[in-house]
Amino acid sequence: KEIQMGAKYDALLAHLTEITDINNSIALLAYDQETSMPPGGAESRARQLATLSKIGHEMFTSSQTSDLLGAATEEVSGADYDSDEASMVRVVQQDYDLATKLPSSFVARMAEETSLGQKTWAKARANSDFQAFLPALERIIGMMQEQADLLGYDEHPYDALLSQYERGMTTAQVKSIFDAHRPKL
């Protein structure tokens, strides 16, 4: 059944739009880092990305987001389950539930570490020197393992990370899919 969304849903959208603007700025800075940023700017850029990531995360995991989600959830409760509005609120709630498991300090550290790692990787690749990138890679992998622990999982640490990109998918399911294709490959 189609219903008209109201002020509560619109308030949630407005709030999420501001967070999306921050995330889009992060993406633009990361793109610039990889394409046209002067070589000496990596440390400053990493700090900028860390700061914006922390701000965006704090905005998203705030009590304001929780309150807006609660109000929007009530407002869309009469909507068809598959409606755009009900689906959006449901997905944002899932994202919020995951995001609140990550401390803002961790999000900032991860953004900074991956940004600095990108610079190290680019230099190591240009010099065909994987060993130069290895310490950064080990730090990033360690942080990904920490993220999996913070998010929680039932069977495999990668389940926590995979679920962010393919909701409900597990490592066992991915393994099964690839195992089925392995003989022909």
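Computed from heavy atoms alone, side chains included, the values below leave out hydrogens, waters and symmetry copies. Quick caveat: nothing in here was measured; it's all calculated off a predicted structure.
- Distance check, rounded to the nearest 0.5 Å: OG1 of Thr120 to CG of Leu134 gives 11.5 Å.
- Residues Thr170 and Leu162 have side chains not in contact (no heavy-atom distance under 4.5 Å, counting atoms from C-beta outward).
- Residues meeting the salt bridge (charged side-chain N to carboxylate O under 4.0 Å, His left out) test with Asp82, sequence neighbours left out: none.
- Remark: side-chain polar atoms of Ser176 are not paired, donor with acceptor, to backbone N or O of Ala172 under 3.5 angstrom.
- Side-chain atoms of Ser87 never come within 3.5 Å of backbone atoms of Asp84 as a donor-acceptor pair (strictly under, hydrogens ignored).
- Atom CG of Leu151 sits about 9.5 Å away from atom OG1 of Thr100, to the nearest 0.5 Å.
- For the pair Ile140 and Thr114, the tightest heavy-atom approach, listed with the atom from each and the gap, is CD1-CA, 4.1 Å.
- A donor-acceptor contact shorter than 3.5 Å links the side chain of Ser25 to the backbone of Asp21.
- To the nearest 0.5 Å, atom CG of residue Leu29 and atom OG of residue Ser115 are 9.0 Å apart.
- Every residue two or more places apart in sequence or in another chain was checked for a side-chain hydrogen bond (donor to acceptor under 3.5 Å, both in side chains) with Gln118, and none qualifies.
- Within the 3.5 Å criterion, the main-chain N or O of Met59 finds a donor-acceptor partner in the side chain of Ser62.
- At least one donor-acceptor pair closer than 3.5 Å links the side chain of Ser83 to the backbone N or O of Asp80.
- Remark: the backbone N or O of Thr61 is not paired with any side-chain donor or acceptor of Thr65 at under 3.5 angstrom.
- Going from atom CG of Leu116 over to atom CZ of Arg45 covers 12.0 Å, rounded to the nearest 0.5 Å.
- Using a 4.5 Å cut-off on side-chain heavy atoms (C-beta onward), Glu166 and Val174 make no contact.
- Proximity of a side-chain donor or acceptor of Ser53 to a complementary backbone N or O of Ala50 within less than 3.5 Å is not detected.
- The two residues Ser104 and Lys54 come nearest to each other via the heavy atoms CB-CG, 3.9 Å.
- Within the 4.5 Å cutoff, side-chain heavy atoms of Leu16 are placed close to those of Phe60.
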**Q.** Worked verdict on Met88 versus Tyr9 for side chain to side chain contact (heavy atoms under 4.5 Å, CB included)
**A.** CA-CA 10 Å; Met88 195 279 297; Tyr9 180 81; 3.4 Å; yes

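- Looking at residues two or more places apart in sequence or on another chain, you find a salt bridge (charged side-chain N to carboxylate O under 4.0 Å, His left out) between Lys119 and Glu43.
- Distance alone, capped at 3.5 Å, places no donor-acceptor pair between the Glu85 side chain and the Val76 backbone.
- Separation of atoms CZ (Phe130) and CG (Leu137) is listed at 5.5 Å; rounding is to 0.5 Å.
- Checking side-chain atoms of Thr17 against main-chain N and O of Leu13 turns up a donor-acceptor pair under 3.5 Å.
- Of the possible donor and acceptor atoms, none in the side chain of Asp129 sits under 3.5 Å from a partner among the backbone N and O of Ala124.
- Note that CZ of Arg182 and NZ of Lys175 are 7.0 Å apart. Values are rounded to the nearest 0.5 Å.
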